[in-house]
Amino acid sequence: MDVDTQTTTKGKEEQVEEKKGIMVILVGAPGSGKSTFCQDVMKISNRPWVRVCQDTIGNGKAGTKVQCLASAATVLKEGKCVFIDRCNLEKEQRVDFLKLGHSHGTVHAVVLDLPAKLCISRCAKRTGHEGNLQGGKAAMVVNRMLQKKELPKLTEGFNRITFCQNESEVQAAVSTYGSLSLLDSLPSGVFGQKNSESKVQLGIMKFLKKIDGPCSVANISQVSVGNKLPNENKIALHGPESGAASSGNVGGEVKDCEHTSSGNVGNEVTDCEYNLSSNVGNEAKSREGPLSCNVSDGMKDFECPLSCNVGKEVKDCEDIDMVSRGDTASSDNVPTLAFPSISTADFKFNLEKASDIIVDQVELFLQKYHNVRLVLVDLSHSSKILSLVRSKASQKKIDTSKFSTFVGDITRLYSQGGLRCNVIANAANWRLKPGGGGVNAAIYSAAGKALETATKIRAGSLMPGKALVVPLPSTSPLYSSEGITHVIHVLGPNMNPMRPNCLGSDYTKGCRVLREAYTSLFEGFGSVLGEQNKLNYESNGKQVSETKDQSELNLMKQFALTDQKGKRECVNEIEMNKKCKGPQTENESESTDLLDTNEGQITKKRIESMSKAWGAWAQALYNIAMHPEKHKNDVIDILDDVVVLHDLYPKAEKHLLVVARAAGLEQLADVRPEHLQLLRTMHNVGLKWAEKFLTENESLVFRLGYHSAPSMRQLHLHVISQDFDSNHLKNKKHWHSFTSPFFLDSLDVIEEVSKQGKATLNNDEKYLTKELRCHRCRSAHPNIPRLKSHISNCQSPFPAALLQNGRLVLPPSKQCAEKSS
DNA sequence: GTTCTAGAAC
DNA sequence: GTTCTAGAAC
């Protein structure tokens, strides 16, 4: 099966690899041209290539990742080269193929990183495509998939990565692979990645940092050789052939390196960064007008590209991407809230005052959040409020890529105006009912019954100044055709005597309430940003195999998850919400069937599941905390605010739980400054017990802390000895949940809550799946038994970070010794 | 959270 | 063949 074991006639540099088969993993959104790429190469190549396509692998129908792996393995064993034709946009989706590829030869990535618009347009035109992603849903799915895109890096194990960002680059790559004869090989390294990539990455990273996205911490541990990763790296440092197995020992931590090397690409790459229209070839539509608009300070001229006309000229101005104005990330990927002016229509709020408030609140919000977009929408070109706001925003020099105005129908922003928004605000009435007129009627009408039902289960009414976030069920047309994931109802003050609850001319109160309304609205948007990101990881972490359709299903699944987590999305609780927060009975049953998108059933589940779908097994602590007197055999101490008990499955010689008794405080994510005293009490109680144990056994060392994402309902503090000598510690997750950043030290949590208002959670799955390392000496071990064997003897001092800020509780006799060692 | 178990890894 | 992991079910 070894095909290319002979020395080739190529230069020395190129003899580095390709001794066996090549696996080329295509990376790209639906419509990026993966299948075409494979077919084009296969047409002209002398080399035996086989395309493994997940969309057709199941007897012509969509199959599974496992099937693809099996098929690819067969191909490679036969000494042929293989294309993996599936989206592979996320690192996790690539990892198994990398492993397989390396066991038979070398692995390349060809990244078809074409503009989202082009991919969507191709998908939309498809009929009967293998991936069945044609028509209207294409835009939504492609955009969502691209939001999760993680460009491949050499550190994942690729020997060679080729980035193609336009058609000519794709053709060059076709030619490169197509002309590869049986004995040829290709040099290792990263090719075609423009310098702009680093800019884009920076922008994205800045955004992700804000909401804890897939930044590269996980990659750090995988870079296991060499402390320097020079930009000019040409040789694959990281593949298994170089001995960089992920479980290898790492001497020092190596910072993740963005491979910006552009390498030799063979084809010429014109620098066309930030100019999407130059890349789309035939697909590009006329973009005259908005793109060339000047953004000047004058009110009249301040027609930013977003405020393009809709209607007749829609086609010409769709997709006026903000990248054209120098944004660091594609606007396709920027979370966007579109909102109408609140209270200025029916409620007759003074426009001058309202515009001041809008601009102030927008400015405040944008100081807190980066890489987000706010768009004020009105139907009319002659809208006074839009022009006032534009003018004032301009005076304040608010970045027009982050805040702009838009003339159009808020329910058709994407389909008519080409403006992608994932969240829209509704100027609701206090009963949260459809009807009336204006924006409220339009949104309820466009969103269908689904919005009404979804709203009803969250709240029955809304106070002026408040907002209510409602995840939009996937059954809603606004979701499927416009890509709207959430509607935020907001109610402003009424200054119209013809309407209920008129404030008359009390603009002191009116302004206060209107400010509150925008604050609530933007906070609601902020909560959606955080929640969506969290859900992404939850969904990603469990992906095993997926077809393109399954990807879409996953998006729906995220929705269902969002729905279930409705509680934390309600910015201001009212009526039903209060019910949601109430304690559950001990017998209640909860469903975790997230894929059932039947509206009626979701409604029922939402009510049942409240904030999170805690399984029946996860209720034990909650039940004990609510009724400790009924569990006297389990608890070892009952105080006013906490109960103390031994962990039923201790992961160390001593392992206690200090459980909060407050109803509704389910986990650390719920903790806010008002809980600070409780946190201190929990810490002090835990500390007291640790010290008690230390007097009995001086060899112990304790750590007190919380799990970022606990499995058991009800806030609880772990007090755990650091020997981890327990038969109940059985798997990787057990280990990492106490030794990785997933475990948050109690004192750190207290400090964060007091300074930032809440704790920063490290609840990414990546913390629980990393390689196994000793918590003292940091040595790596292949499996749990070997790790446990090691830690039973390891006497190394604890890492310095643990010795600071009281994170470790040591017997008095050891305190100085540990710190000095 | 655990238990059970198929199948991967050794 | 045995050990170990990881996913499903509870």
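Small disclaimer: the values here were computed from a predicted structure and weren't measured. Numbers restart at 1 for each chain; the letters A, B, ... are given by sequence-line order, proteins then strands.
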Classify the ring geometry between [X] and [Y] as parallel (under 30°), tilted (30 to 60°) or perpendicular (over 60°).
X	Y	answer
F738(A)	H655(A)	perpendicular
H707(A)	F742(A)	tilted
H718(A)	F743(A)	tilted

DNA chain B-proximal residues of residues 727-734 of chain A, any heavy atom under 4.0 Å |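 Hits under 4.0 Å, by residue number: K730(A), H734(A).
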
Please list all pairs passing the salt bridge (charged side-chain N to carboxylate O under 4.0 Å, His left out) test where one or both residues lie in residues 680-689 of chain A, with sequence neighbours left out.
->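 Found D637(A)-K688(A).
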
Would you mind reading off the distance between [X] atom [atom1] and [N] atom [atom2], rounded to a whole angstrom?
X	N	atom1	atom2	value
K99(A)	dT5(C)	NZ	P	13 Å
H646(A)	dG1(B)	NE2	P	18 Å
Y706(A)	dG1(B)	OH	C1'	19 Å
W617(A)	dT3(B)	CH2	P	13 Å
W735(A)	dA6(C)	CH2	P	16 Å
R786(A)	dA9(B)	CZ	P	16 Å
L69(A)	dA8(B)	CG	P	11 Å
L787(A)	dT3(C)	CG	P	19 Å

Contact class for K651(A) (heavy atom, under 4.0 Å): base, sugar-phosphate, or nothing?
->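 Sugar-phosphate: the residue K651(A), judged by heavy atoms under 4.0 Å, touches backbone atoms but no base.
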
For L648(A), which contact category applies under a 4.0 Å heavy-atom criterion: base, sugar-phosphate, or nothing?
->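 Result for L648(A) = nothing.
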
Does one side chain, of E752(A) or T760(A), offer a donor that lies under 3.5 Å from an acceptor on the other?
->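 Checked: E752(A)/T760(A) side chains pair up, N/O donor to acceptor below 3.5 Å.
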
Is the ring centre of H734(A) less than 6.0 Å from the ring centre of Y649(A)?
->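 No: the rings miss the under 6.0 Å criterion.
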
